[in-house]
Amino acid sequence: MPSVSQILSDTVERALGAPALLRAADPKFGDYQANGIMTVAKARNENPRALAEKIIQQLDVTGICEPPTIAGPGFINFKLKPVFVAAQITGASRDERHGVPVVAKPKTIVIDFSSPNVAKPMHVGHIRSTILGDTLARIGKFLGHRVITDNHIGDWGTQFGMLIIGWKQYRNDAALAADPIGELERLYKFINDKPELRDAAKAELVKLQQGDAENLAIWQKIIELSKQEFEKIYRRLGVSFDHTFGESFYNPMLPAVVADLRHCGLATESDGAFCIFFPGQDSPLIVQKADGAFLYGTTDLATLKYRITEWQPDEIVYVTDARQQLHFKQVFAAAAKWFPAVPDLRHVFSGSILGEDGKPLKTRSGQNVKLGELLDEAEERALAVVAEKNPELPEDVRRQIARAVGIGAVKYADLSQNRTTDYIFSWDKMLAMNGNTAPYLQYAYVRVQSIFRKAGDTTGAAPVTLEHPTELDLAKHILRFSDTLEAVLADDKPNWLTGYLYELAGKFSVFYANCPVIQSVEPTRSSRLVLCRLTADIMKRGLNLLGIDVIEQM
RNA sequence: GCGCCCGUAGCUCAAUUGGAUAGAGCAUUGGUCUUCGGAACCAAGGGUUGUGGGUUCAAAUCCCUCCGGGCGUACCA
């Protein structure tokens, strides 16, 4: 079923002959507002109010809303008829997708996110990319796009010289078994602190690059161990990938990439290196160092070529931190010249996570906060809250709740923030039961579930009638779910979805406080139960699209 | 030096891309309810959107000047 805003928007566009620019209106003016009229009037040198008058004469929306009104300099306001809202809600309640249409033209979207480095623990710096990319993938899929997720792990580089010599001579097998990445990290630091081993490390690296069997085997073992550790984190976060083509996957392609870039004149020699220069910019994208080695720009171009030929995507999304903006600008600019046609390339970047002192989040000893330990703490803190609030629950149930609440809180705190800015990490704020937090939404969901437990059989598909103003308000908000999802995907801004869900929970609370459900008489009782069910379904779906679990009790 | 991101209530953040009187939570103050989970709901105070100009019917949003912060800026990723 098409969304309400889509219907109205199409209607106005047909009459206007230009985009309607429909948006949710301030409730005191109506439910939706078209403000494309002023722009068109100006271009045509017409009086905007007269044009608006002409447009509303042509609109046939009698089944949908009250007669549209003109306000201000030329806004057209629409106020939905309760009967129409009720009919839409009834339809949505019988739809597995809660009234969210599948996109008319599905796109192929590649999403590149998370991308941790092998032999290093994942830390807080990885969480935003991981969670953001996962959410965008989930929403894209739900809207009907073909989404391909790829974890571009850092599994190649000069650090392997040091890791290999450390592995061969200083490896502690017991430590390796207990904490693989911890031991690898120790080996790396140990060798890095020994300048006298630098040449030996370099020699091991050269052997690896030349295909030495022993070094290749060690390298692969290190990758395997690292991937297993990453997987533990991803399992806890509920994140998965279609592919994990690391940087090394593209190694064999790099010489040909540079040769081609040189052949077509894009890459030129400068100080012994091969570079792609851009007009008006001092620093080039270097694709081959003076010593012959390749860089991540080279790998990114090879990766891009592979993805284009392999998947023919309409869009490729790179989710990284904000510090890589220049790099991706250069890669995208190079790609635009290198390929006859490039997909829509988007760099979705995020700010850093700061401690409450406003400085980058670190442990007390100044180390990066390990992601695994952060998630442990989230669950512990959530467990303490659950134990306090609901001590009669069995231990295993409490743990399960704590997992959903703790992990959910960390994710939600991140996703509810505008991704481009730095944000301040605060346990107390993210675990608060009030305000725009995961626990608040999870609790709102629990309250609805509680109604169903008491009401008995609620599987009926009764028609919805909207009598009380708070019912109508809740219902109208429900009808905006699909608009929200489309907007999130269009601008890569999950905080619009969290805002939507928070408002949904708020409107439900008001409805809940004003409208008895179980004690009301038929047919109101059944109608309200359907409204509750739909609200709960959308809360669950919305949270699920954010990668957050709901629970039945807490 | 140059470039990118930013500056909004005491604090943490919104504002659907130029739309009407800039909104939430926390904190503060006051209120509701014999309540389907009070882990709730309602209300009040709190703002010259860093500064000064410009563009237009309309600016937190676009352009320019400063001030302040973060991050980049030729062979790490």
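Values below: every heavy atom of this structure, side chains too, minus hydrogens, waters and symmetry copies. Proteins come first, then strands; the chains are lettered A, B, ... in the order of their sequence lines, and each starts at number 1. Given the structure is predicted, the values throughout are model-derived calculations rather than measurements.
Rounded to a whole Å, the CG atom of A/Leu285 is 11 Å from the P atom of B/A77. When the C1' atom of B/G70 is taken as reference, atom CD1 of A/Ile353 falls 15 Å away, rounded to whole Å. Between A/Lys120 atom NZ and B/A77 atom P the separation is 11 Å, expressed in whole Å. For A/His123 and B/A77, the NE2 to P distance is 16 Å, given to the nearest whole Å.
Contact check for A/Tyr500 versus A/Ile538: side-chain heavy atoms found under the 4.5 Å cut-off. Side-chain contact check for A/Gln288 versus A/Leu261: every heavy-atom pair is 4.5 Å or farther apart. For the pair A/Gln330/A/Ile276, no side-chain contact is recorded, criterion being any heavy-atom separation below 4.5 Å from C-beta on. With contacts defined as side-chain heavy-atom distances shorter than 4.5 Å, the pair A/Tyr423/A/Ser350 does not qualify.
With C1' as the reference atom, B/C71 and B/A14 are 24 Å apart, rounded to whole Å. Between B/A60 and B/A20, the distance separating the two P atoms is 9 Å to the nearest Å. Spacing of C1' atoms, B/G10 relative to B/C5, comes out at 26 Å, to the nearest Å. Between B/A9 and B/C13, the two C1' atoms lie 11 Å apart (nearest whole Å). Between B/U51 and B/A24, the two P atoms lie 23 Å apart (nearest whole Å). Between B/A40 and B/C66, the two P atoms lie 50 Å apart (nearest whole Å). Taking the C1' atoms as reference points, B/U28 lies 32 Å from B/G70, given to the whole Å. Taking atom C1' on both nucleotides, B/G53 is separated from B/C67 by 15 Å, rounded to a whole Å.
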Give the B/S/- string for nucleotides 40-47 of chain B, one per nucleotide from 5' to 3', where a protein heavy atom under 4.0 Å of the base yields B, of only the sugar-phosphate yields S, and otherwise -.
SSS-----

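Across all strands shown, A/Ala71 has heavy atoms under 4.0 Å from base atoms, whether or not it also approaches the sugar-phosphate. Contacts of A/Arg419 with the nucleic acid, taken as non-hydrogen atoms under 4.0 Å apart, are absent. Within the nucleic acid shown, A/Asp26 has no heavy atom closer than 4.0 Å to any nucleic acid atom. Residue A/Gln33 is in base contact, counting any heavy-atom pair closer than 4.0 Å across all strands shown. Using a 4.0 Å heavy-atom criterion, one finds that A/Glu247 contacts the sugar-phosphate atoms exclusively. Contact annotation for A/Ser270: base contact, defined as any heavy-atom pair under 4.0 Å involving a base atom. Nucleic acid contact class of A/Cys515 (heavy atoms, under 4.0 Å, all strands): base. If you check every strand for non-hydrogen atoms under 4.0 Å, A/Asp428 touches nothing. Residue A/Ile286 is classed as a base contact, given a heavy-atom separation below 4.0 Å to a base. Nucleic acid contact class of A/Tyr423 (heavy atoms, under 4.0 Å, all strands): sugar-phosphate only. Base contact: A/Ile518 has a heavy atom under 4.0 Å from a base atom. A/Phe277 comes within 4.0 angstrom of a nucleotide base, judged by non-hydrogen atoms across all strands.
For A/Tyr250 and A/His152, the gap between ring centers is short of 6.0 Å. Proximity of the aromatic rings of A/Phe75 and A/Phe29 is defined here by a centroid distance below 6.0 angstrom, and this criterion is not met.
Using a 30° and 60° split on the angle between ring planes, A/His347 and A/Phe328 fall in the tilted class, from 30° to 60°. Classified by interplanar angle (parallel below 30°, tilted 30° to 60°, perpendicular above 60°), the ring pair A/Phe160/A/Trp219 is perpendicular.
Shown are A/Tyr445, A/Tyr502, A/Phe508, A/Tyr412; of these, the ring-ring contact (aromatic ring centres under 6.0 Å, His included) with A/Tyr440 is made only by A/Tyr502.
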All N/O pairs under 3.5 Å across the protein-nucleotides 2-5 of chain B interface:
from : atom 1 : to       : atom 2 : distance (Å)
B/C4 : O2'    : A/Gln325 : OE1    : 2.7
B/C4 : O2'    : A/Gln325 : NE2    : 3.2

With both pairing distances under 3.5 angstrom for Watson-Crick or G-U wobble, and | for a partner in another strand, the correct string for RNA chain B is (((((((..((((.....[...)))).((((((....).))))).....(.(((..]....))).))))))))....

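Pairing each heavy atom of A/Asp422 with each of A/Ser352, the nearest pair is OD1-N, 2.7 Å.
Taking the ring centre of A/Phe245 as origin, the terminal cationic atom of A/Arg307 falls outside the region bounded by 6.0 Å and 45° from the ring axis.
Using modelled atom types, no side-chain atom of A/Ser129 and backbone atom of A/His126 make a donor-acceptor pair closer than 3.5 Å. Remark: side-chain polar atoms of A/Asn47 are paired, donor with acceptor, to backbone N or O of A/Arg49 under 3.5 angstrom. Under a 3.5 Å cut-off, the side chain of A/Arg381 and the backbone N or O of A/Gly406 do not form any donor-acceptor pair. For the pair A/Arg525 (side chain) and A/Ala455 (backbone), a donor-acceptor distance under 3.5 Å is present.
Residues from residues 478-486 of chain A with heavy atoms under 4.0 angstrom of RNA chain B: there are none. Using a 4.0 Å cut-off on heavy atoms, the residues of residues 37-51 of chain A that approach RNA chain B are A/Met38, A/Lys42, listed by number.
Residue A/Trp496 places at least one side-chain N or O under 4.0 Å from the OP1 or OP2 atom of B/A15. Contact check, A/Asn77 against B/A20: no side-chain N or O comes under 4.0 Å of OP1 or OP2.
The pair A/Asp357-A/Lys359 does not count as a salt bridge, with every side-chain nitrogen at least 4.0 angstrom from each carboxylate oxygen.
Looking at the side chain of A/Gln519, the nearest of the listed nucleotides B/C36, B/A15, B/A24 is B/C36.
Comparing A/Asn436 and A/Ser450 against RNA chain B, the residue whose closest nucleotide sits nearer the 5' end is A/Asn436. Taking the nucleotide of RNA chain B with the nearest heavy atom to each of A/Ala25 and A/Pro516, the more 5' of the two is matched to A/Ala25.
In this structure, the aromatic ring of A/Phe29 is positioned over the six-membered ring of the base of B/A20, centres within 5.5 Å and planes within 30°.
A/Tyr296 pairs by the ring pair (Phe, Tyr, Trp, His ring centres under 6.0 Å) definition with A/His327, not counting sequence neighbours.
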